[in-house]
Participant: 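Okay, here's the structure, questions in a sec.
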Amino acid sequence: MRAVDIITKKRDGGSLTTDEIHFFIEGFTRGDIPDYQVAAWSMAVLLQGMDARETSDLTMALAQSGDQLDLSDVVDVALDKHSTGGVGDKTTLVVAPIVSACGVPVGKMSGGGLGFTGGTLDKMESIPGYDINLDTRGFKRQLAEIGIVLSGPTAVLAPADGKLYALRDVTGTVPSIPLIASSVMSKKIAGGADAIVLDVKVGLGAFMQDLDDGEELARLMVEIGVHAERQVIALLSDMNQPLGVAVGNALEVKEAVNTLHGGGPGDFREHSLVFASNMLLLSGRFEDFPQARAAAEGALEDGSALKKFIQLVDAQGGDVSVLEDLSKLPSAPVKVELTAGTSGYIHQIHAREVGLTAMELGAGRAKKGDAIDHAVGIEVLHNVGDEVEAGDAIAVIHARSEEQAQQAVRRLEAAHGIKNESIEPLALFYGTIGRD
Ligand code: URA
């Protein structure tokens, strides 16, 4: 078999066999197939596509390129979640404790955030002392003992995906739906997940701007699950405007804790409950969705989800006193309000612009390895559909300096669209794929 023949076959629209896909990814992992051939192949895949069988084979080849975890000695069903990335998406911080408090263990490995989307680990690291670097033994022990873990990867999961993503990033081949689907699913499968709830974000602040593309990605990932004998539900959710109010690491932790206390913004609370209910349903311990939803609501109302979060932070070395007194979280020295220039209805809060503004303030990283500032960020005080008066505060910028705050004010002003006519609020979800 030769790499060049596999590239030309895909270039000409052919369907690659299982053996060809494994040969190609194994050769790439070993370093026998050079980057330039893999880059050419990625472009052929972007232009010609891959069917579900090919994409499943690619997923398994990527998953098998490194360590593969088996959590069956500590949990009956290894349950995981994944979001394709959004602005203000602190869902894991609320969903994992809810699900765990309902008696279903959640051990989740995440990565740091990149670009305009935040990462779960960056948020958790705003809590002083919180350790994200567990090893596999520690991960499993904690999962068995308290039923909740939020950590970085404990093993080398799908290293070929990391190498492939780096090439895609510089060759214009990131937006290929089969390449995204296999990239996401390979890491989940290598991490030992049996059942996965996916949050496929759609809109101005998401990878997938278009609902049809989001649906195609969601369907493909659910099909990969079928091929790989994993249960997968994909939710299509809105990412035209930020989720909740807070965008920025410590601000998002604060909002997550307030939500666990029974408060928090309505859209974020509802998003978290829907997500947690789907995870509970997939665990097999609940008869139907309404029963799972009732359990999720109960865990928020009776404080057991909050208790789980405190237990998690304590187990991973974080300072739990911060959770009782949120003013101890890192906070920025400069706070500036953005006010509405005119009266009317909010038609747009451009999620990507908000995410990029937060990144410029220091809340996110432009490239891998950049340091981030946990204290800075933005509070987006309204949702699309809200009526505002000229002079009302519509956002609060938390910045390191007055100059950075003023730059953010200008950018955020342009990100908000206010018009005279009223407009319906945006939907939270656009559909569910993979649930009966
Ligand atoms: N997230 C991933 O993990 N991989 C992609 O290719 C895109 C988003």
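In each ligand, atom 1 is the first atom listed, and ligand 1 is the first ligand listed. Everything quoted here is computed from the prediction, not taken from an experiment. Side chains included, hydrogens not; waters and symmetry mates left out as well; all remaining heavy atoms used.
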Participant: For Asn249 versus Gly119, what's the shortest heavy-atom pair and its separation?
Facilitator: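 Between these two residues, the closest heavy atoms are OD1-O, 4.4 Å.
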Participant: Identify the closest protein heavy atom to atom 3 (O) of ligand 1: which residue and atom is it, and at what distance?
Facilitator: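 I find the closest protein heavy atom is Lys187 NZ, 2.5 Å.
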Participant: Which residue holds the protein heavy atom closest to atom 8 (C) of ligand 1, what is that atom called, and what is the gap in Å?
Facilitator: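 The answer is Phe207 CE1, 3.5 Å.
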Participant: Considering all heavy atoms of both residues, which atom of Ala256 and which atom of Leu93 are nearest to each other, and what is their separation?
Facilitator: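 Looking at all heavy atoms of both residues, the closest pair is CB-CB, 3.7 Å.
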Participant: Would you check if Lys163 and Thr29 make a side-chain contact, meaning some heavy-atom pair closer than 4.5 Å?
Facilitator: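 Not touching, per the 4.5 Å side-chain cut-off.
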Participant: Is it true that Thr84 lies under 4.0 Å from ligand 1, counting heavy atoms only?
Facilitator: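 No, Thr84 has no heavy atoms under 4.0 Å from ligand 1.
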Participant: Near Lys201 NZ, under 6.0 Å, is it more than 12 heavy atoms from other residues, nucleotides or ligands?
Facilitator: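 For Lys201, atom NZ is crowded (more than 12 foreign heavy atoms under 6.0 Å).
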Participant: In the protein, which heavy atom is nearest to atom 1 (N) of ligand 1, and how far is it?
Facilitator: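 Residue, atom and distance for the closest contact: Val184 CG2, 3.9 Å.
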Participant: Listed by chain and number, what are the ring pair (Phe, Tyr, Trp, His ring centres under 6.0 Å) partners of Phe268, not counting sequence neighbours?
Facilitator: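 With sequence neighbours excluded, Phe268 shows a ring pair (Phe, Tyr, Trp, His ring centres under 6.0 Å) to no residue whatsoever.
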Participant: Identify, by atom number and element, the atoms of ligand 1 in contact range of Tyr165, meaning under 4.0 Å from any of its heavy atoms.
Facilitator: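 Those of ligand 1 that fall under 4.0 Å from Tyr165 are 5 (C), 6 (O), 7 (C).
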Participant: For ligand 1, which atoms sit closer than 4.0 Å to a heavy atom of Ser183?
Facilitator: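 Listed by number with element: 2 (C), 3 (O), 4 (N), 5 (C), 6 (O).
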